[in-house]
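Comments concern the structure below.
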Amino acid sequence: KGVELANAHCILGSAPPSLETLLNTRGKKHFDMVRLAKRVMNLPMPEMRLVSLQDMYSAQRGLELISEPLAERLKDVLARKEQAILLLNRRGYSNFIFCPSCKHTLHCRNCDVTLTFHKSGVSGGRRMQTVMGRHIDYGYAVCHYCLAQTLVPEKCPLCGKGMAMIGMGSQRLEEEVGRKFPQARIARVDSDSMAGKDYYHMLRDFSEGRIDILAGTQMLAKGLHFPNVTLVGIISADTCLYLPDFRANERTFQLISQVAGRAGRSAKKGVVFVQTFLPEQPAIKFALKGDFSGFVEEELKHRKACNLPPFWRMAVVVMQDMNFERLQAASKLMRERIDNIIEREGLELIVRGPVEAAINRIQRFHRMQIIVQGPQAENVLRLFTALRSEEPIRPAVKVAVDMDPVNLL
């Protein structure tokens with residue numbers, strides 16, 4: 001709106017634009033799309049190679065983050081004094097602390113999520129002893145939503161058997177790369193490793209050849225230009241696909257496309273290894289072919305059939321309270337008010353819920369949401385304008401309205 005008031009021009013730049021922006025360029029006269037038909041320096045796109053982790057998994061050896069094909073290529077790259085970028089869009093060491101015997105998992109006391117194990121890299125030598133027994137002293141479990149930290153017991157507090165670290169994270173990736181390639185100079189790039197450090201100083205070291213491999217999260221995916229990078233490894237391309245959100249496919253395609261663009265940005269040809277447990281997933285298949293148009297048409301077909309953005313507008317009413325019964329009562333009343341306004345005003349809207357949010361408790365607050373969808377933004381705005389004029393909800397709970405939500409978590 002500010003751009004419109006100032007009579008200014010706004011330039012949006014992205015390798016794969018959002019579907020909302022793309023549809024705006026097709027249907028709104030004040031939007032124009034300019035395509036960059038050629039890559040930087042007119043270079044060819046890197047070669048894309050698929051690695052199915054289903055074929056690589058071994059029950060005896062477990063899952064190795066660096067598959068054999070990727071390890072062989074990485075060995076060749078290091079021998080030629082070239083550089084590599086490895087992406088794993090998940091922080092920490094393990095996102096699942098689990099007892100294989102009784103199936104107990106460590107959950108956050110404040111949030112409805114499992115705790116992520118983070119290695120500290122420092123061992124005190126003697127394991128800390130509490131009423132729960134001995135604890136692992138070279139790391140801690142942390143909640144990525146409320147930031148609560150806790151010690152991790154060596155033995156399961158329910159059955160007394162040993163706890164196991166399941167899942168993957170950027171710390172584990174760094175450790176495995178260091179174990180398989182001890183001669184390589186490795187740097188990890190994520191919000192944990194960069195806390196209090198100079199990100200640009202690290203990038204300068206990489207640019208000047210003092211680092212061989214950058215391993216990390218989505219921070220590595222955008223805007224980096226290093227001519228000596230000839231290999232990009234996407235350790236788990238389907239990380240985003242497990243999220244219960246309608247934009248999961250779009251984010252997966254965008255991430256693969258963006259990080260693939262870091263390889264082969266000079267006369268040296270680049271190659272991208274895409275590791276996944278879901279090799280037949282459409283977003284991954286389209287990304288491997290570099291077929292943005294094909295992905296867009298397929299994704300828009302599903303979005304249109306389900307009345308999802310960018311065809312319909314969406315708003316989410318998020319309600320939260322520490323008392324679940326009070327929250328249920330208030331959510332039911334909110335739904336009744338919304339239905340009454342829609343009927344009174346004759347609005348063309350679809351309402352879903354109230355239902356528990358995908359993460360139904362954060363920082364000790366239970367969360368429920370009501371989703372409103374409409375073919376026109378005007379109807380959605382009329383609904384919430386009328387809703388604001390109503391008396392406050394009783395019983396009183398926290399209410400937030402998110403127009404055009406980025407995600408539904």
Side-chain angles (χ1 to χ4, degrees), residues 16-24 89-91 95 107-108 110-114 116 143-146 217-218 237-255 278 281-284 295-296 298-321 324 327-328 330-332 334-335 337-339 342 347-377 379-381 383-384 387 393 397-409:
S18 70
L19 297 186
E20 285 83 355
T21 299
L22 187 65
L23 218 63
N24 284 338
N89 200 26
R90 185 171 283 162
R91 294 162 49 207
N95 63 312
H107 276 75
C108 178
N110 304 320
C111 311
D112 184 37
V113 295
T114 57
T116 299
C143 173
H144 286 171
Y145 287 86
C146 70
T217 59
Q218 194 171 355
D238 37 64
T239 301
C240 294
L241 292 173
Y242 299 119
L243 298 177
D245 188 75
F246 70 91
R247 288 194 175 91
N249 285 343
E250 182 180 358
R251 291 198 178 99
T252 297
F253 183 92
Q254 289 173 337
L255 185 60
L278 304 171
Q281 209 282 336
I284 293 176
F295 169 75
V296 167
E298 182 72 13
E299 184 69 10
L300 288 180
K301 181 174 65 177
H302 297 299
R303 298 276 188 97
K304 190 171 186 178
C306 298
N307 297 328
L308 290 169
F311 296 102
W312 279 38
R313 302 299 289 271
M314 178 182 286
V316 180
V317 182
V318 180
M319 307 180 69
Q320 53 182 351
D321 196 271
F324 185 69
L327 176 62
Q328 277 187 312
S331 300
K332 182 179 178 181
M334 176 65 80
R335 173 61 193 262
R337 285 194 180 181
I338 289 174
D339 289 340
I342 290 174
L347 304 177
E348 184 184 358
L349 295 172
I350 295 176
V351 183
R352 308 181 193 278
V355 296
E356 291 187 16
I359 303 174
N360 57 40
R361 194 167 62 97
I362 294 180
Q363 295 182 347
R364 299 187 180 181
F365 281 88
H366 299 277
R367 305 166 70 237
M368 299 194 77
Q369 59 185 19
I370 299 171
I371 300 173
V372 180
Q373 296 168 257
Q376 298 175 341
N379 287 342
V380 181
L381 293 174
L383 166 64
F384 288 106
L387 195 60
I393 290 287
V397 301
K398 290 186 176 182
V399 180
V401 177
D402 189 358
M403 297 289 296
D404 301 318
V406 175
N407 63 64
L408 297 178
L409 299 181

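Of the possible donor and acceptor atoms, one in the side chain of Thr114 sits under 3.5 Å from a partner among the backbone N and O of Asn95. Although no hydrogens or angles enter the test, the distance criterion places a donor-acceptor pair under 3.5 Å between the side chain of Gln373 and the main chain of Asn307.
Atom CD1 in Ile362 sits 10.0 Å away from atom SG in Cys108 (nearest 0.5 Å). Note that CH2 of Trp312 and CD of Glu348 are 5.5 Å apart. Values are rounded to the nearest 0.5 Å. Expressed to the nearest 0.5 Å, how far CG of Leu349 lies from CD1 of Ile338 amounts to 9.5 Å. Separating the CG atom in Asn24 from the CG atom in Leu19 is a distance of 11.0 Å, to the nearest 0.5 Å. To the nearest 0.5 Å, the span separating CD on Glu298 from CZ on Phe253 amounts to 12.5 Å. One distance of note links OG1 of Thr217 with CZ of Arg91; it measures 8.5 Å at 0.5 Å rounding.
Taking the side chain as every heavy atom from C-beta outward, Leu22 and Pro16 never approach each other to under 4.5 Å. Put simply, the side chain of Asp238 does not reach to within 4.5 Å of the side chain of Thr252, judged on heavy atoms.
Phe384 and Ala315 make their closest contact through CE1-CB, 3.6 Å (heavy atoms, listed as atom of the first residue, atom of the second, distance). In plain terms, the two heavy atoms of Leu241 and Leu278 that are nearest each other are CD1-CD1, 4.0 Å. The minimum heavy-atom distance linking Phe365 with Gln320 is given by the pair CB-OE1, 3.7 Å. Of all non-hydrogen atoms in Ala283 and Asn249, the two that sit nearest each other are CB-O, 3.6 Å. Taking all atoms of both residues into account, the shortest heavy-atom contact from Asn89 to Leu255 is ND2-CD2, 4.1 Å. Between Tyr145 and Cys111, the closest heavy-atom pair is CB-SG, 4.0 Å.
Sorted by first and then second residue, the side chain to side chain donor-acceptor pair (under 3.5 Å) pairs involving residues 361-370 (not counting sequence neighbours) are Asn110-Arg364.
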Test side chain to side chain contact (heavy atoms under 4.5 Å, CB included) on Leu387 and Arg337 and set out the steps.
-> CA-CA 8 Å; Leu387 195 60; Arg337 285 194 180 181; 4.1 Å; yes
Could you walk me through whether Ile342 and Val372 pass the side chain to side chain contact (heavy atoms under 4.5 Å, CB included) check?
-> CA-CA 11 Å; Ile342 290 174; Val372 180; 5.6 Å; no
For residues 402-409, dump all side-chain donor-acceptor pairs below 3.5 Å to protein atoms at least two apart in sequence or in another chain.
unit_1: Asp404; atom_1: OD1; unit_2: Arg313; atom_2: NE; d: 3.1
unit_1: Asp404; atom_1: OD2; unit_2: Arg313; atom_2: NH2; d: 2.7
unit_1: Asn407; atom_1: OD1; unit_2: Leu409; atom_2: N; d: 3.1

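Checked against Glu299 for a side chain to side chain donor-acceptor pair (under 3.5 Å), the options Lys301, His302, Arg303 give a single hit: Arg303. Among the candidates Lys332, Gln328, Met334, the single residue satisfying the side-chain contact (heavy atoms from CB on, under 4.5 Å) test with Met368 is Gln328.
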